[in-house]
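Heads up: the structure comes next, in C-alpha cells.
The chain is numbered in sequence order, starting from 1. These figures come from a predicted structure and were not determined experimentally.
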Amino acid sequence: MNCRGYLHQLSCCVFPRPTFRRIIRNESTEMVSGMPYIYALLNCLICLWYGMPLVSPGIILVATVNSVGAIFQLIYISVFVVYAEKPMKLKMMGLLISVFATFASIVFVSMRFLDSPSRQLFVGYLSVASLISMFASPLIIIKLVIKTRSVEYMPFSLSLATFLMSLAFFVYGMFKHDAFIYIPNGIGTGLGTLQLALYAYFNDASQEELKHPLIDP
C-alpha cells in the first residue's frame, strides 16, 4: 500500500472526532451508537494480528495501520463510556471485555495449535469476517438516516473516508494477490458507495425542504 492508502486508513480513525466533540460538549451520547466502534476495535486487532510476520510475512504495514486504528478506537470507546447512560455504559464495558477476550483466544489458538500456513488461513478467514462485520455496522446508522430522513448522525467525512480506505485496501489486496484483503474491502467499497449515495440523496432532500417557504394556514 502506498502512503495515500495509509492516510486513508488513518483518516477513517480520525474523522469521528466531530461526533465525539459533540458528545463531550453535550455530555451525552444522544442517538449515537457505540457498536461501530466496538466492531472497528475487534477488526483492527484481528487485522493487526493477520499483518504480523508470525502470521503473514511481507505485509507489516497492515499491522502498523491497524495498531494505530486500535488506539483511536479505544479512545473513542472510552469517551463513549464516560458519557453514556448507565445501561449503555455497562453494555459497552461488557462488549469491550469480550473483544479483548476474543482477541486473546484467537492469538492463543493460532500460536498453540496451528502451523504457519494453517495459522494464516485461520486468522485470514477471521479477518474477513471481522472486516465484513465492521463494514456492515454502519447499516445501523443507515437505518437511522432513512428513518429520520436526516444525515445528522452520518458525517460525510466518515462515509467518504470509509469508502476511500476500503478502495485503497481493495487495490492493495489485488496487488498482493491476497483474497483475505481484497474480498472484504471490495464489499466495504460497495457499502461505502451506498452511504455516500444516501448522504447525497437525503442531504439534497433536506436542502430542498429548506428552500420551500413557510405558508401559514
Side-chain angles (χ1 to χ4, degrees), residues 1-17 36-74 76 99 102-103 106-107 109-111 114-139 141-142 154-200:
M1 183 194 310
N2 57 22
C3 291
R4 184 178 297 177
Y6 181 84
L7 289 174
H8 286 161
Q9 172 74 0
L10 291 182
S11 66
C12 195
C13 299
V14 174
F15 273 132
R17 287 189 303 175
Y37 306 101
I38 290 291
Y39 282 123
L41 175 61
L42 180 59
N43 168 71
C44 286
L45 291 174
I46 294 176
C47 291
L48 185 161
W49 183 233
Y50 179 72
M52 294 295 288
L54 287 171
V55 178
S56 304
I59 55 170
I60 189 64
L61 187 57
V62 172
T64 304
V65 169
N66 282 281
S67 64
V68 175
I71 292 172
F72 274 103
Q73 299 309 322
L74 276 173
Y76 295 142
V99 164
T102 300
F103 177 64
I106 291 170
V107 173
V109 170
S110 60
M111 293 301 296
L114 303 174
D115 58 15
S116 183
S118 299
R119 185 184 306 140
Q120 184 174 9
L121 286 174
F122 172 68
V123 182
Y125 280 119
L126 289 176
S127 69
V128 169
S130 67
L131 276 166
I132 292 174
S133 296
M134 185 192 74
F135 290 136
S137 64
L139 292 175
I141 305 300
I142 289 173
M154 189 175 71
F156 174 76
S157 55
L158 179 57
S159 298
L160 179 61
T162 300
F163 169 75
L164 293 175
M165 180 270 291
S166 302
L167 182 61
F169 270 98
F170 172 75
V171 174
Y172 177 65
M174 294 292 289
F175 178 75
K176 288 289 187 177
H177 306 288
D178 192 328
F180 291 130
I181 297 177
Y182 70 72
I183 289 179
N185 281 286
I187 295 173
T189 301
L191 287 172
T193 303
L194 175 60
Q195 290 183 65
L196 291 175
L198 283 174
Y199 187 93

Next item on the list: Check whether any side-chain heavy atom of Phe72 sits under 4.5 Å from a side-chain heavy atom of Cys44, and report yes or no.
Entry: no
Notebook entry, point to check: Shortest non-hydrogen contact from Phe170 to Asn185?
Noted result: N-CB, 3.7 Å
Notebook entry, point to check: How long is the span from the CD1 atom in Ile71 to the CG atom in Leu41, to the nearest 0.5 Å?
Noted result: 11.0 Å
Next item on the list: Grab the two heavy atoms, one from Ser56 and one from Tyr50, that are nearest each other, plus how far apart they are.
Entry: OG-O, 2.9 Å
Next item on the list: Carefully, step by step, assess Ile59 and Phe180 under the rule side-chain contact (heavy atoms from CB on, under 4.5 Å).
Entry: CA-CA 12 Å; Ile59 55 170; Phe180 291 130; over 6 Å; no
Check: What are the two closest heavy atoms between Ile46 and Val123, and how far apart are they?
Finding: O-CG1, 4.0 Å
Margin query: Let me confirm one number: the CG-CD1 distance from Leu126 to Ile106, rounded to the nearest 0.5 Å.
Written below: 5.0 Å
Checklist line | Residue pair Gly173 / Ile181: nearest heavy atoms and the distance that separates them | finding: CA-CG2, 3.7 Å
Check: Roughly how far, to the nearest 0.5 Å, is CG of Leu196 from CG of Leu164?
Finding: 8.0 Å
Next item on the list: Taking Ser127 for its side chain and Cys47 for its backbone only, find out whether a donor-acceptor pair lies under 3.5 Å.
Entry: no
Next item on the list: Check whether any side-chain N or O of Asn66 sits under 3.5 Å from a backbone N or O of Val62 as a donor-acceptor pair, and report yes or no.
Entry: yes
Margin query: Using a 3.5 Å distance criterion without hydrogens, assess whether the side chain of Arg119 forms a donor-acceptor pair with backbone atoms of Val55.
Written below: no
Next item on the list: State, to 0.1 Å, how close Asn43 and Ser130 come at their nearest heavy-atom pair, and which atoms those are.
Entry: OD1-OG, 3.4 Å
Notebook entry, point to check: Considering all heavy atoms of both residues, which atom of Gly58 and which atom of Lys176 are nearest to each other, and what is their separation?
Noted result: O-NZ, 3.6 Å
